[in-house]
Amino acid sequence: MKDTKHEIVQTATQLFNRDGFRNVALKQIAAELDISTGNLNYHFPKKDDLMPAVFEQMDAEAAEMLNKLRAYPDLKSIMEQVSIFYEFQLKFRFFYLDTLEIIRAYPQIAAAHKEFSMRSMRHIRATIDYCVGRGVFRQEPFPRAYDFLAHSIWMHAAFWLAQFAVLQKDCTSQEIFVQSLLGLLHPYLTPAGLEELPIMGSPDFSKII
């Protein structure tokens, strides 16, 4: 059975990614789906009703993604987890490009996104602690150093796409994303950590610098 509401959310996400949230009208979404505007309005009377539904889908996928992450990862699987998050970002590209605008307009989304962000940072910090215990990360060099590192990793990931918009560049290379994040981790790796981490290529960083 056709789920029109789900198709509207999926199509809206695609158009938001392509054109930006503010630049997409309900009639454009209806035209893309080849349905009447009235049919779309039955499910979402206003555009402000649609954005929470899109975020609900995004939030559900984000929660599922976090729940599937390995609790006790080795360094290779950490890089794999980073790649999974990157693909998630691309799927909801518009949100990561217009985060501030969206959370200012929708307080409920702001609260939910804050919780997801805090949960992400807690997961990162717990992963760092586990890596220290395994001997692949160095002992914390000064108090709260790894709190700051966890926050920096979160910032790096959450605003990766937005910084390209600021620089007026377009880069969707997963390899560069992973290698750039690895640059944050490298100073904290022990000799055992350097041996465990998979050897990676040398991507063209001229695309972002």
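If you read the sequence from its start, that first residue is 1, and numbering goes on from there. Everything quoted here is computed from the prediction, not taken from an experiment.
- In this pair, Phe95 and His113 present their aromatic rings perpendicular. The plane angle is above 60°, beyond the 30 to 60° band.
- Closest non-hydrogen pair, Ser83 versus Val178, comes out as OG-CG2, 3.6 Å.
- Under the 4.5 Å side-chain heavy-atom criterion for ILVMFWY residues, no single connected hydrophobic cluster contains both Tyr42 and Leu50.
- Note: Tyr106 and Phe21 have perpendicular aromatic rings, judged against thresholds of 30 and 60 degrees for the angle between ring planes.
- When all heavy atoms are compared, the tightest approach of Leu97 to Ala165 is CD2-CB, 4.1 Å.
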Side chain to side chain contact (heavy atoms under 4.5 Å, CB included) between Gln28 and Asp19, worked out: CA-CA 11 Å; Gln28 183 181 351; Asp19 300 331; 3.1 Å; yes
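- When the salt bridge (Lys or Arg N to Asp or Glu O under 4.0 Å) test is applied to Arg122, the partners found at least two apart in sequence or on another chain are Glu115.
- With rounding to the nearest 0.5 angstrom, the CD atom of Gln81 is 6.5 Å from the OG1 atom of Thr127.
- Proximity of Arg93 to Leu161: side-chain heavy atoms (C-beta onward) are separated by under 4.5 Å at one or more points.
- Rounding to the nearest 0.5 angstrom, the gap separating the CZ atom in Phe44 from the OG1 atom in Thr4 is 10.5 Å.
- Two residues are said to be in side-chain contact when any heavy atoms from C-beta on lie closer than 4.5 Å; Leu75 and Leu185 fail this criterion.
- Atoms CZ and CG, on Phe177 and Leu182 in that order, are 12.0 Å from each other to the nearest 0.5 Å.
- Nearest heavy-atom pair across Gln139 and Val132 is NE2-CG1, 3.4 Å.
- Other residues, nucleotides and ligands contribute more than 12 heavy atoms inside 6.0 Å of the CD atom of Glu61.
- The two residues Ala62 and Phe116 have their closest heavy-atom pair at CB-CE1, 3.4 Å.
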Please lay out, stage by stage, how Thr190 and Phe137 fare under the test side chain to side chain contact (heavy atoms under 4.5 Å, CB included). CA-CA 5 Å; Thr190 64; Phe137 258 53; 5.5 Å; no
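- Atom CD of Gln57 sits about 10.0 Å away from atom CG of Asp59, to the nearest 0.5 Å.
- Ring geometry for Phe164 versus Trp160: interplanar angle over 60°, hence perpendicular rather than tilted (30 to 60°).
- For the pair Asn39/Leu33, no side-chain contact is recorded, criterion being any heavy-atom separation below 4.5 Å from C-beta on.
- For CE of Met118, the number of neighbouring non-hydrogen atoms (other residues, nucleotides, ligands) closer than 6.0 Å is 12 at most.
- Counting non-hydrogen atoms of other residues, nucleotides and ligands closer than 6.0 Å to NZ of Lys47 gives a total above 12.
- Judged by distance alone, the side chain of Ser180 and the main-chain N or O of Ile176 form no donor-acceptor pair under 3.5 Å.
- Tyr86 has its side chain out of reach of Glu175: every pair of non-hydrogen atoms, C-beta onward, lies at least 4.5 Å apart.
- Put simply, CD on Glu7 and CD1 on Ile29 are 13.0 Å apart, with the number rounded to the nearest 0.5 Å.
- Here the shortest heavy-atom pairing between Leu26 and Pro45 reads CD1-O, 4.1 Å.
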Show the numbers, then the answer: is there a side chain to side chain contact (heavy atoms under 4.5 Å, CB included) between Val166 and Phe159? CA-CA 11 Å; Val166 172; Phe159 299 102; over 6 Å; no
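- Between Ile78 and Tyr130 there is no side-chain heavy-atom pair separated by less than 4.5 Å.
- Rounded to the nearest 0.5 angstrom, Met65 CE and Lys91 NZ are separated by 11.0 Å.
- Taking all atoms of both residues into account, the shortest heavy-atom contact from Val54 to Ala12 is CG2-CB, 4.3 Å.
- The shortest side-chain heavy-atom distance between Ile102 and Phe94 falls under the 4.5 Å cut-off.
- Between Tyr96 and Phe85, the ring planes lie perpendicular to each other; the angle is over 60°, past the 30° to 60° tilted range.
- Using a 4.5 Å heavy-atom cutoff, the side chains of Arg125 and Leu149 are not in contact.
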